[in-house]
Each structure stands twice: as structure tokens, then as C-alpha cells.
Amino acid sequence: MDTIRNILTLNPGRSLFFEPLGLNRNNAPAVLIPIFGFLLVFGMLMLTEGSVAAAFFTFLIFALVLVTIYKVEYSFYVLIFLVLFFDQFGIPGFEPFTYTTDYFKNLKENRYLPYSSAGVFNPIELHFILMALVWFFTLPIKKEYKFQPIPVWGSFSLFLITFNYAFVSGIRTGEFLVALWEVRALFYLCFLFLFVPQIIQTKKQINILLWISVAAITLKALQAIHRYMILGFSTAGFETLTNHEDPVFTSTIFILALGCFVFGVKGKQKWWLLLLCIPLAFGFYVGLRRAAYAGLIISIAAFFVLLPMLEQRFLIKRSIPYLLLLLVYVGVFWNYPNTSFSGPVNLIKSGIVEPDKETNTQDYYSNLYRDFEDYNLAVTVQRSPVLGIGFGNKYDMPLKLANISFPLRDYIPHNEIFWYLVKTGSVGFLMFWIFFNAFAFKGASTLHRLKDPFAKAVCAMITIAVINQMVVSYFDLQLTYYRNMIYLGTLMGLLPTLIAIANKEEEEQHETEQSNNEDEDV
């Protein structure tokens, strides 16, 4: 609170304005901040003719500003929890408060706030701006500050250049607002990749951030389980009981828990994670997302490949009984009708074997729709194979698609890997893969350098989160979802801190070895 005190008092010795009121630099903030907050809320009530919701949100914003000024990382913890807890898109058949709060909508679209044509930003973007400004302007106040270097900055720069080129070239011939909707989430990822390393720089901060993420993801799983219960312990014909992205987040927690188990993390963290895997697994199931199953399978395979040989042997020995049980389960229910018990097998099967039109109509037409999209994208890429058609432009539709409830259907297909190729061309597509592959390789090399078990588990989680996201994005709309890219950008932003931890461990080991050698010489 020193910054606030300095602003209010302007003089370290005595207050310039508030001394006649009996206030000093120590008690002025405690008295004036509540008064200012009350006046702000009262003013909003008057302005909105008594809207309690608008006044409440004004109070929350005021409190958030204070938290940000006090500790930027605390404000970031709040952001991550809100992003993971609230819903960007609605779930057909449900209207939870986590969606109706309109957290992801632009301010002018928020039903709780007075309309303003200038409200083209959403709360997330305003939060980003607030944190960035506070961080920047408080740098001179800090006596010591360590700038955290960004890994694979060369490939990241090339990715950013080609990405921005596709945006600028696209809006010249396409729709500006559509282009903005297409790139918004990826811009969030880029911002967080640069910003997170500057505010999360210790193992303790990583620990807090991850547990906040685990808490929010677990709450979403419990929310889905509650829906399953009120529907009579069934999905009642609904396509999903969660958002599309929630099972994707859950997969990363599974990898974190598996890493804690394999690397031998001590203490309560490992057991809490393993315990939470029970509701998380149930929430993952009722998500009913085939893409999430594909991502999880590839993630587990990638985790095994990342492990040193000793840990690979340990994992094989411990997992043999579970693998045998899994094979029996899959074999028994492979040709079984779709029920609660056979649901996961049927989801996996529909992604491998072409679904039968008569018995699995929904998945059959879903696959057919995606096949039509992929063909249209293959035709479109021939229009501009090198530099792409740019964001904000429609892709060609020689094969007409069914009307679905998605306003950007003509611009964004389900397969967002092919989408990125069409929009940025072969040059942008190459830079995209160079960046994410370079990051994954950097994460893998850092994992083998780390000594701390928890840091190793986190590093494995971060590296595999990238792989998981790419797999899911091949099947589903994921690269343009705000929640996905904010979460992934946050995880990727933790790698520089883990690299710093690895460097410190190696320095300490070198100093220890040097000291031992000196003792032996003596």
C-alpha cells in the first residue's frame, strides 16, 4: 500500500492536504479509500437509475484496481480464476450465471452496464491494460527488478510478424470486425507469453497460480456433475454438459498429477491432486468431447516420451494393471450400445471408425460436416498458397455447409489448424509450427535440467499443454477461444521462470562441487 500512501500524502513526513482532518500518511488510505469507493458506487447508482448490478460491478472494479496497485501478481491470479470459472459461450439447454454474467462480452454488449458505443473492449482487455500500466509505472519505484528473458524469442518474433501481416492484409479486403474476432484470442496468448514471466518469477508464485487454476477447473467439473445429477444421473440427450474447452483444461491437470506421482513430489500437493482427479475425471466424461479424448491420449503418450528412461520404466511397471483393465473395458464395450458405461469408448470409436448413419446419426453428420469443411479449406488455400487470404475473409464453399448456430461459420471452420494455413499461407503456417515446436523442445530440454520434482511436473504439464492444444484444435474450434489461449499463454509464460530455477539449481550444484573439491585438496 506504499504507492497509494505516497499518492495520497505526497510527502513522506506529513500529509499535505489531510492534516487538518486529523489524518496522516498511515491512516489516510484506510479512511479515504472506503469513502472514495462509496462515492463511486453511489454515483453509479445515480447514473444508472438504481441499477444494483452496475453498482456492484463498479465496486468490484474499484477493488480490483486497488489489488493491482498493491500486487500485480495478485490481480493476475484473479484474472486467471475468472477466465477459467466463467463461460465464453453458452451451453445449449443451460443458462448458468457463469455465462449470463457476460464476462467475456464487450462492455457495450454487457446487459448489466449502461450502453456506450465506446465500449468496444471487454473486461479481460481492460484488465490486461490495467496490469500492464501498473507494472510499467511501478518499475522505477522497485529497488531491484529482474527482467525475465523470453525463450525462443526468434521463432516467436517470426510467428508474430507473419500473424500480424495476415491480420493487416486481411482487413484491407475483408471485414475488420470479423478479423478482430478471429485474432483476438491469439493476441491474448502473445501478450501473456511476454507478460507472465515479468510478474510470476518464483516457485511460490507458480504454485499459487497453478492451485488457483486447479480450483477453478475443479469447480467447473463440479458444475457439470451437478447438471448430470439433476438430469437423473444421465446426460438426457444433451451434446455436452460443459463448455467445449473445459475437458481440455482438465487434461492438463491430469498430466500435472501424473507428473507429481512419477517424479515423486513430496507433501500434500500430490495427494490433493490425485484426490481431485476423481471429480475432474467425471467432469471430463460428461463433457462428451471427442477432441478432448484425442488430446488426452496424445498427451499421455507425449508425457511418456518426455520422461528419462528410469522414470519410463517406473511408469510402465505401475501402469500395467491399469492398462490391462483399460483394454478389457474397451474390448467389452467396443460394440456395445451407447450408455453411461460405454460412452467414453463410443466417443473414441467414433473418432477412429466412421460412425454408422443409423445407430450414431449425430456423430455421422458431425464427421461429414467436418469433411466438407476440410475440402472447402483445401480449395481455398489454392487461392493464395504462400501468404494466405488474410483474417476477415471468408473461405470458399464449393460444398455447401449446413446452417449451424455460429455467426462466423463462413470465416472459422472446426479445423483451426487448416484455418490458420488458409489465413496465413504456407509462410505463416511454417512460422506457426516453428514457434510452437521450438517452445516444446525448449520445455523438454528444461525438464531434463530441473532437479526439483514439483518444478519438473509443472514443466511437463506446460510442454504437453501445447501438444494437447494443437491436437484438440485440429478437431475443434479452440485457437479462437479466449479461455483456451489465455490459459495456454499463461502456462507458456511460466517456462522462463522454470528455466531460471534450472539455472539456479545448476549454479548451486556447481558451487557445491567446487566447495567439495577444495575440501578434498585441503
Next on the checklist: Would you say that Leu130 contacts Val72 through its side chain, given a criterion of any heavy-atom pair below 4.5 Å between the two side chains?
Outcome noted: no
Item to check | Candidate pair Tyr481 and Phe89, rule ring pair (Phe, Tyr, Trp, His ring centres under 6.0 Å), full reasoning | outcome: CA-CA 9 Å; Tyr481 280 11; Phe89 298 103; 4.8 Å; yes
Next on the checklist: ring pair (Phe, Tyr, Trp, His ring centres under 6.0 Å) for Tyr228 and Phe282? Distances and angles first, verdict last.
Outcome noted: CA-CA 10 Å; Tyr228 184 80; Phe282 207 91; 5.3 Å; yes
Checklist entry - Are there more than 12 heavy atoms of other residues, nucleotides or ligands under 6.0 Å from atom OH of Tyr165? => result no
Checklist entry - Does the side chain of Val152 reach to within under 4.5 Å of the side chain of Phe435, using non-hydrogen atoms? => result yes
Next on the checklist: Measuring centre to centre across the rings, with the benzene-like ring taken for any Trp, is Phe432 within less than 6.0 Å of Phe436?
Outcome noted: yes
Checklist entry - So, do Arg370 and Pro413 sit near enough that their side-chain heavy atoms are less than 4.5 Å apart? => result no
Checklist entry - SG of Cys260 to NZ of Lys266: how many Å apart, nearest 0.5 Å? => result 12.5 Å
Checklist entry - Going through the checks in order, is the side chain to side chain donor-acceptor pair (under 3.5 Å) test met by Glu182 and Thr480? => result CA-CA 6 Å; Glu182 287 190 275; Thr480 52; over 6 Å; no
Checklist outcome for this item: Residues Gly90 and Tyr99: closest non-hydrogen pair is N-CE1, 3.3 Å
Checklist entry - Does Arg483 make a cation-pi contact with Phe249 (under 6.0 Å, within 45 degrees of the axis)? => result no
Checklist entry - Does any N or O in the side chain of Ser473 come within less than 3.5 Å of the main-chain N or O of Ile417, such that one atom is a donor and the other an acceptor? => result no
Item to check | Any donor-acceptor pair under 3.5 Å from Gln198 side chain to Gln148 backbone | outcome: yes
Checklist entry - Does Tyr293 have its ring centroid less than 6.0 Å away from the ring centroid of Phe284? => result yes
Checklist entry - To the nearest 0.5 Å, what is the distance between OG1 (Thr98) and CG (Leu82)? => result 12.0 Å
Item to check | Polar contact flag, side-chain donor to acceptor under 3.5 angstrom, Thr252-Tyr487 | outcome: yes
Item to check | Polar side chain donor-acceptor pair, Ser445 to Arg449, under 3.5 angstrom | outcome: no
Item to check | Test log, rule side chain to side chain contact (heavy atoms under 4.5 Å, CB included), inputs Met492 and Leu189 | outcome: CA-CA 9 Å; Met492 293 176 69; Leu189 179 140; 4.3 Å; yes
Next on the checklist: Can you give me the closest heavy-atom contact between Pro197 and Gly493, atom names plus distance?
Outcome noted: CG-O, 3.2 Å
Next on the checklist: Pair Gln223, Asp246 - check side chain to side chain donor-acceptor pair (under 3.5 Å), show working.
Outcome noted: CA-CA 11 Å; Gln223 186 182 40; Asp246 287 330; over 6 Å; no
Checklist entry - So, Phe76 versus Phe195, ring centres under 6.0 angstrom or not? => result no
Checklist entry - Which distance, rounded to the nearest 0.5 Å, do you find between the CG of Leu325 and the OG of Ser319? => result 12.5 Å
Checklist entry - With side chains defined as the heavy atoms from C-beta onward, is the minimum distance between Lys203 and Val458 less than 4.5 Å? => result no
Item to check | Minimum heavy-atom distance Ala224-Thr242, with the two atoms named | outcome: CB-CG2, 3.2 Å
Checklist entry - Does the Gln478 side chain pair with the main chain of Glu416, one donor and one acceptor, at a distance under 3.5 Å? => result no
Next on the checklist: So which atom in Thr235 and which in Leu288 form the shortest heavy-atom distance, rounded to 0.1 Å?
Outcome noted: CG2-CD1, 3.8 Å
Checklist entry - Can Ile298 and Asn468 be said to form a side chain to side chain contact (heavy atoms under 4.5 Å, CB included), step by step? => result CA-CA 7 Å; Ile298 299 298; Asn468 178 46; over 6 Å; no
Item to check | Spacing of Phe261 atom CZ and Arg318 atom CZ [to the nearest 0.5 Å] | outcome: 5.0 Å
Item to check | Donor-acceptor pair between Asn415 and Glu373 side chains, under 3.5 angstrom | outcome: no
Checklist entry - Do Phe163 and Phe391 make the cut of ring centroids closer than 6.0 angstrom? => result yes
Checklist entry - Do Leu296 and Thr250 come within less than 4.5 Å of each other through their side chains, counting heavy atoms only? => result no
Checklist entry - Would you find a donor on one side and an acceptor on the other, under 3.5 Å apart, between the side chain of Asn122 and the backbone of Ile124? => result yes
Checklist entry - Got a donor-acceptor contact below 3.5 angstrom from the Ser251 side chain to the Pro247 backbone? => result yes
Next on the checklist: Please find the pair of heavy atoms, one from Thr240 and one from Ile91, that lie closest to each other, and give the distance.
Outcome noted: O-CG2, 3.6 Å
Next on the checklist: Tell me if the NZ atom of Lys451 is crowded by more than 12 foreign heavy atoms within 6.0 Å.
Outcome noted: yes
Checklist entry - Judged by atom type as modelled, is there a donor-acceptor pair below 3.5 Å linking the side chain of Asn437 to the main-chain atoms of Trp433? => result yes
Item to check | ring pair (Phe, Tyr, Trp, His ring centres under 6.0 Å) between Tyr482 and Tyr188, intermediate numbers included | outcome: CA-CA 8 Å; Tyr482 298 171; Tyr188 295 165; 5.2 Å; yes
Next on the checklist: Does atom CD (Gln312) have a neighbourhood of more than 12 heavy atoms from anything else shown, all under 6.0 Å?
Outcome noted: yes
Checklist entry - Do NZ/NE/NH1/NH2 and the carboxylate oxygens of Asp476 and Arg290 come within less than 4.0 Å? => result no
Checklist entry - For the rings on Phe191 and Phe128, is their centre-to-centre separation under 6.0 Å? => result yes
Checklist entry - Salt bridge check: are Arg184 and Glu125 linked by an N-O gap of less than 4.0 Å? => result yes
Checklist entry - Which pair of non-hydrogen atoms, one from Phe314 and one from Val262, has the smallest distance, and what is that distance? => result CE2-CA, 3.9 Å
Item to check | Verdict with supporting geometry, Ser299 and Phe254, side chain to side chain contact (heavy atoms under 4.5 Å, CB included) | outcome: CA-CA 10 Å; Ser299 294; Phe254 289 156; over 6 Å; no
Item to check | Leu273 and Trp211: CA distance, side-chain angles, deciding distance, side chain to side chain contact (heavy atoms under 4.5 Å, CB included) verdict | outcome: CA-CA 9 Å; Leu273 278 171; Trp211 274 105; 4.0 Å; yes
Item to check | Under 3.5 Å donor-acceptor, Thr162 side chain and Phe159 backbone | outcome: yes
Next on the checklist: Counting only heavy atoms from other residues, nucleotides and ligands, does the tally under 6.0 Å from CH2 of Trp271 exceed 12?
Outcome noted: no
Next on the checklist: How long is the straight-line distance from CZ of Phe193 back to CE of Met485, given to the nearest 0.5 Å?
Outcome noted: 13.5 Å
Checklist outcome for this item: NE2 of His226 to CG of Leu219, rounded to nearest 0.5 Å, is 13.5 Å
Item to check | Result of checking Tyr369, Phe475, Tyr474, Phe406 against His414 for ring pair (Phe, Tyr, Trp, His ring centres under 6.0 Å) | outcome: Tyr369
Checklist entry - Is there a side-chain contact between Leu479 and Asn484, using heavy atoms and a 4.5 Å cut-off? => result no
Item to check | Validation row: Asn207, Gln269 side chains within 4.5 angstrom (heavy atoms) | outcome: yes
